[in-house]
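Notes follow once the structure below has been shown.
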Amino acid sequence: MSKSLNIALLGNPNTGKTSLFNSLTGLSQKVGNYPGVTVEKKEGVCKLDRTTKGYFIDLPGTYSINSSSIDESIVVELLLNKNNKDYPDLALVIADVENLKRNLLLFTQIKDLGIPTILVINMADQMKRKGISLDIPILEQTLETKIALVSTRENTGLDELKKLILNYRIISNKPLVQINSIDKKYFENLENAFPGQLLYKLWLIITQDANFVAIQRTLISDISKFQTKSKSEIKRLQQKETIKRYQFINSVLKKGLQIDKASATDFRSKLDRVLIHKFWGYLIFFSILMIIFQSIFSWSEVPMDFIDNCFNYLSSVASNNLPSGVFTDLLSQGIIPGLGGIVIFIPQIAFLFLFLSILEETGYMSRVVFLMDRGLRRFGLSGKSIIPLISGTACAIPAIMSTRNIESWKERLITILVTPFTTCSARLPVYAILIALVIPDGYFLGFSYKGLMLMFLYLIGFLMALGIAWILTTTLSIHSKSYFVIELPNYKIPLIKNVALTVLEKTKSFVEGAGKIILAISILLWILASYGPGENFNQAENIIQKKYPELAEKEIELKTNSFKLENSYVGVLGRSIEPIITPLGYDWRIGIAIITSFAAREVFVGTLATIYSVQNDDNDTIKNKMASEVRKDGKLLFNLASGTSLMIFYAFAMQCMSTLAVVKKETNSWKWPLGQLFFMTILAYFISFLTYQILS
Ligand code: GDP
Ligand code: MG
């Protein structure tokens, strides 16, 4: 007979929950989302002995269970709801040996819920250096629990922990702190009104302002009838409770914990003097960022080219070897390039998260937050938003995924919504060709106009991101706690296992979460560009051959492709939006390019190449063609006004299906990506309109 146990991992942030979880469950872990919210849910299995399996859940880090952030309410909801399938048989509270006092607050709360709770004191490897000694038997006795002293870094104590887990039944589930002593009368009434219920649990339900969906509804409605205290009285009682708990913890630690200050080294404070210095701190941080993003650009290029070549090769193999027909076209021009469009992001995602998880692991990330928080908070962003905002200059996809570690949901959402404004590398080919076409040669204070224009485009992207963030903070009414307490954890050598698992998990979740959407949209775009209504499309080859009997085969092919695109569904769409985009200075050909470049901005150039019947890779010829193109009104199609207006459009419009897909994945709803698409397009349209009207 095999048995299974549900085990919840709880604890303050940064105590090593995830490291312990990784050590216990390894590659068996699954990452999902809690229903309806975007907090990660990690589950994994570990064999505890021959017959018992442990199902571990790595819960979000919390300092207590009496607040109302999403993270905390997830924890509370699980611990209060016996009907939840994940309801734990036992809880492990992970504490960091250097911050026992603060960590024990959560421990006493969990234990008082009547759940068998084991205290796991982690980072035992630090004890000697920091001069910490613990009297485990005394602590076990006073905290009425079992204690495992472990180091996930050095893999010690894990077997003992497994044994304690298997024997969890011997742990007392009596409350440690008598909650009724904070207001005797009130709790007496409560006890009489709900006989047989655990007092602390009732108290928790009363004090939560999170809305519980799943917890025993009747109990909640009964309690809300019972409630006789005002909000401020309840807050005061909560404070009394916390004081009471700390009194208890102090008395426990007095007996069981000793710190020999003399042997503690001050390596950390020396390092911090430099790393969070008002000047050197920023300088070091921006240098590190620059190195990281440079290497993301240059290192990813190699695997990205390789991936690109592989998929091109696969496409040609498919189209050369399969019988020609609709299915082969779909496979070789729709599905294979679509898959390629997903895989191509993997190198950048992997590199970014490799670096980020090293920064996170070493403890440096908390210093970054400390440095950047004040400046960014003014705009409603968190100190951690600097990472997505800057890595967005490479690509919005990994950037948006890196918002995951912003704790406050509101700050995280705003960061997700504004990150696509930063100038990503896919905009560069569009800017490059347009700047070359419409920005005159000349210098201003020694800087060329062309260079200044490019800098201006980067700048307005960044400023727009900050501006919109500021507007969103004041308009979005989302209740979420933002953390003003910034903790500066100790510096550590990163754990390779943690870094590797992060990279693996991010890559996997991108492919699974956003991949489907990217594939679907790219197939749709392919269909729209490869089929068309009417005779013009179907007879394209004949029509072109009749029209230009003297041309060589290659030329005919290019002209046919151009003619087909003009008469495809995309072409029809491009023509039909012409009246809308004429006020911006564009014509139907640009309209087509705008529609196809929804797949990815750089497609703009390739589409124009097809329309002008030139080879895709021949930038100069495309440029020359574009330079001589005239509109119906006789003016040049690409002039200063229309070209600048077009660059502004690409700066602000959400022209990227992969970004949409990743926002859908990260926010777990279609509401935000579609809102973003709509809003950014309107904004881009409006500003491009103004630009064109002013310049022309
Ligand atoms: P979580 O926020 O509770 O999930 O904590 P993590 O598992 O992400 O770990 C936080 C930091 O503590 C990381 O930098 C880990 O490398 C580090 N860490 C985890 N376990 C140990 C340990 O046993 N000893 C030491 N020295 N560091 C550890
Ligand atoms: Mg964690």
Side-chain angles (χ1 to χ4, degrees), residues 7-26 29-32 34 39-44 56-64 69-72 74-75 91-100 102-103 106-107 110 119-132 134 147-161 264-265 267-268 271 353-369 384 404-407 483 485-503 505-506:
I7 302 156
L9 297 185
L10 298 145
N12 292 178
N14 274 315
T15 52
K17 288 177 301 302
T18 305
S19 310
L20 179 68
F21 177 76
N22 288 345
S23 298
L24 289 170
T25 61
Q29 43 186 272
K30 269 196 335 231
V31 181
Y34 289 94
V39 177
E40 247 166 43
K41 178 179 186 184
K42 287 191 174 177
E43 298 167 286
F56 289 84
I57 305 187
D58 182 16
L59 284 158
T62 57
Y63 291 104
S64 72
S69 74
I70 295 184
D71 284 1
E72 273 156 333
I74 281 171
V75 171
L92 305 187
V93 172
I94 325 295
D96 148 13
V97 72
E98 290 180 54
N99 293 304
L100 264 187
R102 194 193 59 208
N103 284 278
L106 182 70
F107 171 81
I110 308 281
L119 179 62
V120 180
I121 301 181
N122 188 25
M123 314 206 187
D125 52 297
Q126 299 287 327
M127 289 172 66
K128 203 159 159 212
R129 220 159 52 86
K130 296 286 155 77
I132 300 173
L134 295 174
I147 295 180
L149 190 60
V150 306
S151 161
T152 49
R153 168 151 312 210
E154 296 181 340
N155 260 321
T156 56
L158 295 181
D159 290 333
E160 289 78 0
L161 174 61
T265 55
F267 163 72
R268 165 188 159 159
L271 202 53
F353 282 100
L354 175 71
F355 287 118
L356 288 186
S357 65
I358 290 176
L359 292 190
E360 186 89 52
E361 275 280 300
T362 51
Y364 181 65
M365 193 63 95
S366 310
R367 274 74 187 178
V368 171
V369 176
K384 291 185 184 170
R404 265 286 156 113
N405 64 0
I406 300 176
E407 291 88 355
Y483 289 68
V485 218
I486 299 170
E487 224 192 313
L488 297 182
N490 289 310
Y491 290 105
K492 300 190 180 81
I493 310 279
L495 285 175
I496 309 287
K497 187 167 29 178
N498 287 353
V499 174
L501 281 170
T502 306
V503 172
E505 191 264 303
K506 290 291 166 185

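Everything quoted here is computed from the prediction, not taken from an experiment. Order of appearance sets the numbers: ligands from 1, and atoms from 1 within every ligand.
Looking only at distances, a side-chain donor or acceptor of Asn122 sits under 3.5 Å from a matching main-chain atom of Thr15. A donor-acceptor pair is defined here as one N or O able to donate and one able to accept, closer than 3.5 Å; such a pair exists between the side chain of Lys17 and the backbone of Asn12. Between the side chain of Lys497 and the backbone N or O of Asn22 there is no donor-acceptor pair closer than 3.5 Å. Checked by atom type and distance alone, the side chain of Arg153 pairs as donor or acceptor with a backbone atom of Ile493 at under 3.5 Å.
No side-chain heavy atom of Asn498 sits under 4.5 Å from any side-chain heavy atom of Ser357. In this structure the side chain of Asn103 reaches within 4.5 angstrom of the side chain of Asp96, judged on heavy atoms.
Proximity of Lys492 to ligand 1, defined as any heavy-atom pair under 4.0 Å, is confined to the side chain (atoms from C-beta onward). The part of Asn122 lying near ligand 1 is the side chain, judged by heavy-atom distances below 4.0 Å. Within the 4.0 Å heavy-atom criterion, the part of Gln126 lying near ligand 1 is the side chain and not the backbone.
Counting the atoms of ligand 1 from 1 in the order shown, those under 4.0 Å from a heavy atom of Ser151 are 23 (O). Atom numbering of ligand 1 starts at 1 in the shown order; those under 4.0 Å from a heavy atom of Thr152 are 19 (C), 20 (N), 21 (C), 22 (C), 23 (O). Near Leu495, meaning under 4.0 Å from any of its heavy atoms, are these atoms of ligand 1: 16 (O).
Protein heavy atom closest to atom 19 (C) of ligand 1, with residue, atom name and distance, is Ser19 OG, 3.2 Å. What sits closest to atom 14 (O) of ligand 1 on the protein, heavy atoms only, is Glu361 O, 2.6 Å. Among all non-hydrogen protein atoms, the one lying nearest atom 24 (N) of ligand 1 is Asp125 OD1, 2.8 Å. Distance from atom 18 (N) of ligand 1 to its nearest protein heavy atom, with residue and atom name: Met123 CE, 3.9 Å. What sits closest to atom 11 (C) of ligand 1 on the protein, heavy atoms only, is Asn14 OD1, 4.2 Å.
Inspection of the environment of the Mg ion (ligand 2) yields the following protein N, O or S atoms under 2.8 Å: Thr18 OG1.
In terms of N/O distances under 3.5 Å, ligand 1 is approached by Arg153. Remark: ligand 1 and Gly16 share an N or O pair separated by less than 3.5 Å (distance only, no angle test). Of the polar atoms of Thr18, at least one N or O is found under 3.5 Å from an N or O of ligand 1, judged by distance alone.
Partners of Glu361 by salt bridge (charged side-chain N to carboxylate O under 4.0 Å, His left out), not counting sequence neighbours: none found.
Note that CD1 of Ile7 and CG of Leu24 are 8.5 Å apart. Values are rounded to the nearest 0.5 Å. Atom CG of Leu161 is separated from atom CG of Leu149 by 11.0 Å, given to the nearest 0.5 angstrom.
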